[in-house]
There are 2 protein chains.
Amino acid sequence: MQIDDMIEMINEQWTDIYYLLHYTNKDNLTHQAIRLLQYIEKNGEATIGDLAEHLAVSHNTASEHTKRLIKKGLVSKKRGSLDERKVFVVLTEEGRHILYRHTRLDKEKLKKVLVQMDPCDAELIRKAFAILSEGAKKCLR
Amino acid sequence: MQIDDMIEMINEQWTDIYYLLHYTNKDNLTHQAIRLLQYIEKNGEATIGDLAEHLAVSHNTASEHTKRLIKKGLVSKKRGSLDERKVFVVLTEEGRHILYRHTRLDKEKLKKVLVQMDPCDAELIRKAFAILSEGAKKCLR
DNA sequence: TAAATATATCTTAATATACGATATAATCTT
DNA sequence: AAGATTATATCGTATATTAAGATATATTTA
């Protein structure tokens, strides 16, 4: 199989999997909120400047987004100890929970699929995800 | 490994993979537009009523969304032959292309990852995606 | 001490999203 | 054939989201 054909198939399957297995009753969370929360999750914490840069918006906008998420209880902030000008934005547990509902596969759905398959297939999937995410991190991070 | 732990790991890896490998310079496409285009892609075509139901909005809203996407050239419509009241909305090639940029992994990034890994690892990934998407279809469709 | 940095707030404007009211055309029911 | 139902389209209205310039405050650096 040609690599490009394989990539095309993987991509189609990727979207099929998400389409079928994602959470469907989600709290309303805006697109930029999701992006912001996810950046924080993947990086552990973020300054307003980080967020502005990552979202490709002005610092004012990033600050406003953050303010709204703080109000909703999805993030909190702590002032930097080395440089008190800096504010580090971190996820609350509620924020993490809400983020997962917007970005992850539905646990119950995924479980249903995995328990109904041959255990060595499930193991293959486990391994494949580990390899692919590791590969992605090595190559692109 | 406990199934729930495995699911947690898969989910974390799932989001890591997407975070690292998705297209990053995307044309501006609204959240509802993406959802609408994707519904059409996964189903081949859709009526306004289908779209309204899937998006959980009124038919007026679905019709307006569709109108805007038609204007952008991302979808087109054809009147049903059995029932001419019905309009079937289908993706244009441009629509498909734009949708893929918002929902799929970046081909070049994915390729970079796959060619740098052991070929049997790549084969494992190919197989795993096929199995998982097939499993999802069987269980949840 | 002045300049630079980091963030916060306010104001303004554009865009996204939604739905009720209304209208038209097609199909179904009586 | 007429009336009712179905499917969609358009218009008007409203709210939420998004964005950035102007301005302000606090902290750090030169």
Side-chain angles (χ1 to χ4, degrees), chain A residues 24-40 43-91 95 98-99 102, chain B residues 24-40 43 45-91 95 98-99 102-103:
Chain A
T24 49
N25 286 316
K26 304 170 191 175
D27 305 310
N28 278 341
L29 196 51
T30 70
H31 181 52
Q32 291 293 60
I34 293 167
R35 289 181 72 210
L36 191 146
L37 291 174
Q38 185 155 51
Y39 181 82
I40 297 168
N43 292 278
E45 63 185 11
T47 64
I48 301 293
D50 292 334
L51 295 172
E53 186 177 332
H54 178 69
L55 293 181
V57 296
S58 66
H59 76 266
N60 338 359
T61 302
S63 184
E64 296 275 359
H65 278 302
T66 303
K67 182 164 71 172
R68 284 193 289 266
L69 289 175
I70 286 167
K71 186 162 190 170
K72 287 185 177 184
L74 304 189
V75 302
S76 63
K77 44 185 196 180
K78 47 182 185 178
R79 204 153 275 279
S81 36
L82 291 191
D83 181 347
E84 290 192 10
R85 294 173 300 186
K86 293 197 176 189
V87 165
F88 289 95
V89 188
V90 297
L91 286 186
I98 299 293
L99 176 63
H102 282 82
Chain B
T24 48
N25 286 316
K26 304 170 190 175
D27 305 311
N28 277 342
L29 195 51
T30 70
H31 181 53
Q32 292 292 63
I34 293 167
R35 290 181 70 212
L36 190 147
L37 290 173
Q38 185 153 52
Y39 181 81
I40 297 168
N43 292 279
E45 64 184 10
T47 64
I48 302 292
D50 292 333
L51 295 171
E53 187 177 330
H54 179 69
L55 294 181
V57 297
S58 65
H59 76 265
N60 338 0
T61 302
S63 184
E64 297 273 358
H65 278 301
T66 303
K67 182 166 70 174
R68 283 191 290 264
L69 290 175
I70 286 167
K71 186 160 193 173
K72 287 185 178 186
L74 304 189
V75 301
S76 62
K77 40 185 203 183
K78 47 183 185 179
R79 205 153 273 281
S81 33
L82 292 190
D83 180 346
E84 290 192 11
R85 293 173 303 184
K86 292 195 177 193
V87 165
F88 289 95
V89 188
V90 297
L91 286 187
I98 300 293
L99 176 65
H102 282 83
T103 57

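A, B, ... follow the sequence lines: proteins, then strands. Residue 1 opens every chain.
Not a single ring-ring contact (aromatic ring centres under 6.0 Å, His included) links B:F88 to another residue, sequence neighbours left out.
For A:T61, no side-chain nitrogen or oxygen approaches OP1 or OP2 of D:dA19 to under 4.0 Å.
A nucleotide of DNA chain C counts as in contact with chain B when one of its atoms lies under 4.0 Å from a heavy atom; the first and last such, 5' to 3', are C:dA16 to C:dT27.
Not a single donor-acceptor pair, N or O on each side, falls under 3.5 Å between the base of D:dA20 and the side chain of A:H59. No hydrogens or angles were tested; on distance alone, nothing pairs the side chain of B:R85 with the base of D:dT8 as donor and acceptor under 3.5 Å.
When each of B:N28 and A:I48 is assigned the nucleotide of DNA chain C bearing its nearest heavy atom, the one mapping closer to the 5' terminus is A:I48.
Comparing atom distances between the B:K77 side chain and each of D:dA9, D:dA19, D:dT28 picks out D:dA9 as nearest.
D:dA9 atom P lies 10 Å from atom CG of B:L51, rounded to whole Å. Taking atom NZ on A:K67 and atom P on D:dT18, their separation rounds to 14 Å, with Å as the unit. Taking atom CD of residue A:E84 and atom P of nucleotide D:dT25, one finds them 19 Å apart after rounding to whole Å.
No side-chain heavy atom of B:K72 sits under 4.5 Å from any side-chain heavy atom of B:I98. Between B:T66 and B:V87, the closest side-chain pair of non-hydrogen atoms is not below 4.5 Å. Contact of the A:H54 side chain with the A:N43 side chain is not registered, since no non-hydrogen atoms from C-beta on lie closer than 4.5 Å.
Across all strands shown, B:R68 has heavy atoms under 4.0 Å from base atoms, whether or not it also approaches the sugar-phosphate. Within 4.0 Å of B:T66, counting heavy atoms only, lies no atom of the nucleic acid at all. Counting non-hydrogen atoms under 4.0 angstrom, A:D83 reaches the backbone sugars and phosphates but no base. Note on B:S63: a base of the nucleic acid sits closer than 4.0 angstrom, heavy atoms only.
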Q.
Is there a side chain to side chain contact (heavy atoms under 4.5 Å, CB included) between B:R35 and B:Q38? Walk through the geometry before answering.
A. CA-CA 5 Å; B:R35 290 181 70 212; B:Q38 185 153 52; 5.9 Å; no
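Residues A:I48 and A:H59 approach most closely at CG2-O, 3.8 Å, considering heavy atoms.
Residue ring and base: A:H65 does not count as stacked with D:dT18 (centre distance below 5.5 Å and interplanar angle below 30° not both satisfied).
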Please produce a list of atom pairs where a protein N or O lies less than 3.5 Å from an N or O of nucleotides 13-15 of chain D.
none

